[in-house]
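All values below were derived from every heavy atom in this structure, side-chain atoms included, with hydrogens, water molecules and symmetry-related copies excluded. In each ligand, atom 1 is the first atom listed, and ligand 1 is the first ligand listed.
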Amino acid sequence: MTPRLRLQPEALGVGMTSQRVRDRLIERLRDDGIVDERVLNAIRTVPRHLFVDEALATRAYENTALPIGHGQTISQPWVVARMTEVLLETAMPQKVLEIGTGSGYQAAILAALGVEVHTVERIGELLRIARKRFRSLGLNVRSKHDDGRIGWTENGPFDGIIVTAAAPALVDALTAQLAPGGVLVAPVGGSGGQTLVRLRRLADDTIERTDLAPVSFVPLLSGVLG
Ligand code: SAH
């Protein structure tokens with residue numbers, strides 16, 4: 001797969017954002033059970049330090065979530081890797097819907113894998129910054145400013161749906177937009193503890209649910225903010 005990425009000189013990074021530092025993150029992800037080479041390669045290629053504030057760039061290749069403003073976070077690399085791996089497990093999805101664009105990093109990872117990405121974010125300012133990043137990296141990502149709990153029916157159904165904010169229960173409107181054979185991955189639970197859940201729409205149209213791992217996400221909220 002050709003990476004759909006246009007890397008400017010600053011994307012290549014120096015010092016704490018160098019290739020050596022990035023390779024160390026890849027080794028860490030391998031140690032923590034990530035096995036899909038396509039996913040590891042996308043994480044190696046996409047410059048995570050360009051998805052956080054400059055002041056945090058030196059921490060971009062640590063395996064931690066980092067603040068992106070408005071009380072939100074860019075997800076931990078292991079979580080991004082694991083969720084992407086789950087989406088790719090049965091087949092490479094053609095079209096994926098992401099709820100919670102945030103920094104744009106998860107969408108960029110999917111786009112680098114050659115997936116057609118549709119992403120929805122409720123905070124207008126975060127979406128504007130993420131769009132600039134997609135543009136400067138030459139990534140083709142479709143996005144909209146909306147409450148993602150309604151999904152994106154006009155563009156659906158989707159082979160994959162990834163929800164990057166946690167709700168107490170799975171959102172039926174999103175499950176409904178899953179194509180036959182499609183996979184949805186989402187954190188489910190409240191502030192007390194969340195579980196990463198995978199849903200599959202099987203050939204007979206039934207939904208199979210599998211609980212995968214304990215995770216920690218910011219909440220899925222209603223309404224939109226400018
Ligand atoms: N995927 C992001 C993770 C960001 S954190 C990344 O790679 O950086 C989760 C994001 O979900 C936040 O930006 C938050 O504003 C957004 N969010 C929360 N509830 C939402 C909703 N109902 N619709 C769309 N986005 C939502």
Side-chain angles (χ1 to χ4, degrees), residues 5 25 29 39 42-43 45-53 56-57 59-87 96-113 115 117-134 137 139 141-153 155-156 158 160-175 177 184-191 194 196 215-226:
L5 261 185
L25 171 62
L29 295 176
V39 174
I43 291 183
T45 323
V46 176
R48 190 170 183 259
H49 67 280
L50 300 184
F51 289 81
V52 294
D53 195 85
L56 289 170
R59 301 193 53 204
Y61 299 97
E62 293 174 16
N63 187 25
T64 51
L66 293 169
I68 55 171
H70 302 268
Q72 307 305 317
T73 54
I74 179 174
S75 306
Q76 184 195 1
W78 182 85
V79 168
V80 172
R82 186 67 195 117
M83 289 177 95
T84 310
E85 217 174 44
V86 170
L87 282 179
V96 168
L97 172 67
E98 179 195 31
I99 307 304
T101 317
S103 67
Y105 180 69
Q106 173 73 70
I109 292 289
L110 289 166
L113 283 158
V115 170
V117 187
H118 301 248
T119 183
V120 186
E121 171 58 53
R122 67 182 284 274
I123 301 178
E125 200 187 324
L126 288 180
L127 187 57
R128 281 191 290 279
I129 301 170
R131 280 174 174 159
K132 277 193 201 148
R133 292 175 176 138
F134 299 146
L137 290 168
L139 294 168
V141 174
R142 290 149 219 228
S143 61
K144 77 165 172 166
H145 180 209
D146 208 343
D147 182 339
R149 293 177 315 158
I150 60 167
W152 201 339
T153 36
N155 291 5
F158 300 93
I161 300 179
I162 177 168
V163 186
T164 68
L170 286 160
V171 179
D172 290 342
L174 295 177
T175 311
Q177 290 170 41
L184 176 149
V185 59
V188 178
S191 49
Q194 304 155 6
L196 192 62
V215 284
S216 177
F217 277 82
V218 294
L220 189 72
L221 301 172
S222 57
V224 292
L225 291 178

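- Taking only nitrogen or oxygen atoms, main chain and side chain alike, G100 reaches within less than 3.5 Å of ligand 1.
- The nearest heavy-atom contact from the protein to atom 9 (C) of ligand 1 is T164 O, 3.3 Å.
- When only non-hydrogen protein atoms are considered, atom 23 (N) of ligand 1 lies nearest to G148 N, 2.7 Å.
- Proximity to L126 (heavy-atom distance under 4.0 Å) selects the following atoms of ligand 1: 13 (O).
- No side-chain donor-acceptor contact under 3.5 Å links R48 to the backbone of Y105.
- The proximity of Q72 to ligand 1, defined as any non-hydrogen pair under 4.0 Å, is limited to the side chain.
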Pair R82, E85 - check salt bridge (charged side-chain N to carboxylate O under 4.0 Å, His left out), show working.
CA-CA 5 Å; R82 186 67 195 117; E85 217 174 44; 2.7 Å; yes
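- Looking at ligand 1, you won't find any N or O of S222 less than 3.5 Å from one of its N or O atoms.
- Under a 4.0 angstrom heavy-atom cut-off, T101 registers as being in contact with ligand 1.
- Contact analysis puts E98 in contact with ligand 1, with a non-hydrogen atom separation below 4.0 angstrom.
- Close approach of ligand 1 to S75 (heavy-atom distance below 4.0 Å) involves ligand atoms 3 (C).
- With values rounded to the nearest 0.5 angstrom, L221 atom CG is found 8.5 Å from R149 atom CZ.
- Residue contact check: V120 has heavy atoms under 4.0 Å from atoms 24 (C), 25 (N) of ligand 1.
- Using a 4.5 Å heavy-atom threshold, the side chains of N63 and Q76 count as touching.
- Residue contacts with ligand 1 include D146, since one or more of its heavy atoms lies under 4.0 Å from the ligand.
- Shown in contact with I123 at under 4.0 Å from a heavy atom are these atoms of ligand 1, numbered in order with element: 15 (O).
- When the heavy atoms of M83, R48, E121, R122 are ranked by distance to atom 13 (O) of ligand 1, first place goes to E121.
- Checked by distance only, ligand 1 and S103 come closer than 3.5 Å through their nitrogen or oxygen atoms.
- At a 4.0 Å cut-off, not a single heavy atom of G223 sits close enough to ligand 1 to count as contact.
- Judged by distance alone, the side chain of H145 and the main-chain N or O of E125 form no donor-acceptor pair under 3.5 Å.
- Between L221 and ligand 1, at least one N/O pair is under 3.5 Å apart.
- For the atom pair CD of E98 and CZ of R142, the computed distance is 15.0 Å after rounding to the nearest 0.5 Å.
- Between I74 and ligand 1, not a single N/O pair is under 3.5 Å apart.
- Contact annotation: the side chain of Q106 approaches that of T84 to within less than 4.5 Å [non-hydrogen atoms, C-beta and beyond].
- Summary of contacts: the protein heavy atom closest to atom 7 (O) of ligand 1 is Q106 N, 3.1 Å.
- A side chain to side chain contact (heavy atoms under 4.5 Å, CB included) with S103 is found for one member of R133, Q72, E121 and no other, namely R133.
- For the pair L174/L97, a side-chain contact is recorded, criterion being any heavy-atom separation below 4.5 Å from C-beta on.
- The single protein non-hydrogen atom nearest to atom 5 (S) of ligand 1 is T73 O, 3.0 Å, given as residue, atom name and distance.
- The side-chain heavy atoms of Q177 and T153, taken from C-beta on, include a pair separated by under 4.5 Å.
- For the pair V171 and I99, the minimum side-chain heavy-atom distance is 4.5 Å or more.
- Panel note: side chain S75, backbone V80; no donor-acceptor pair is recorded below 3.5 Å.
- For atom 18 (C) of ligand 1, the nearest non-hydrogen atom of the protein is P219 O, 3.6 Å.
- Atom NZ of K144 has more than 12 neighbouring heavy atoms from other residues, nucleotides or ligands inside a 6.0 Å radius.
- Distances below 4.0 Å separate heavy atoms of V218 from the following atoms of ligand 1: 5 (S), 9 (C).
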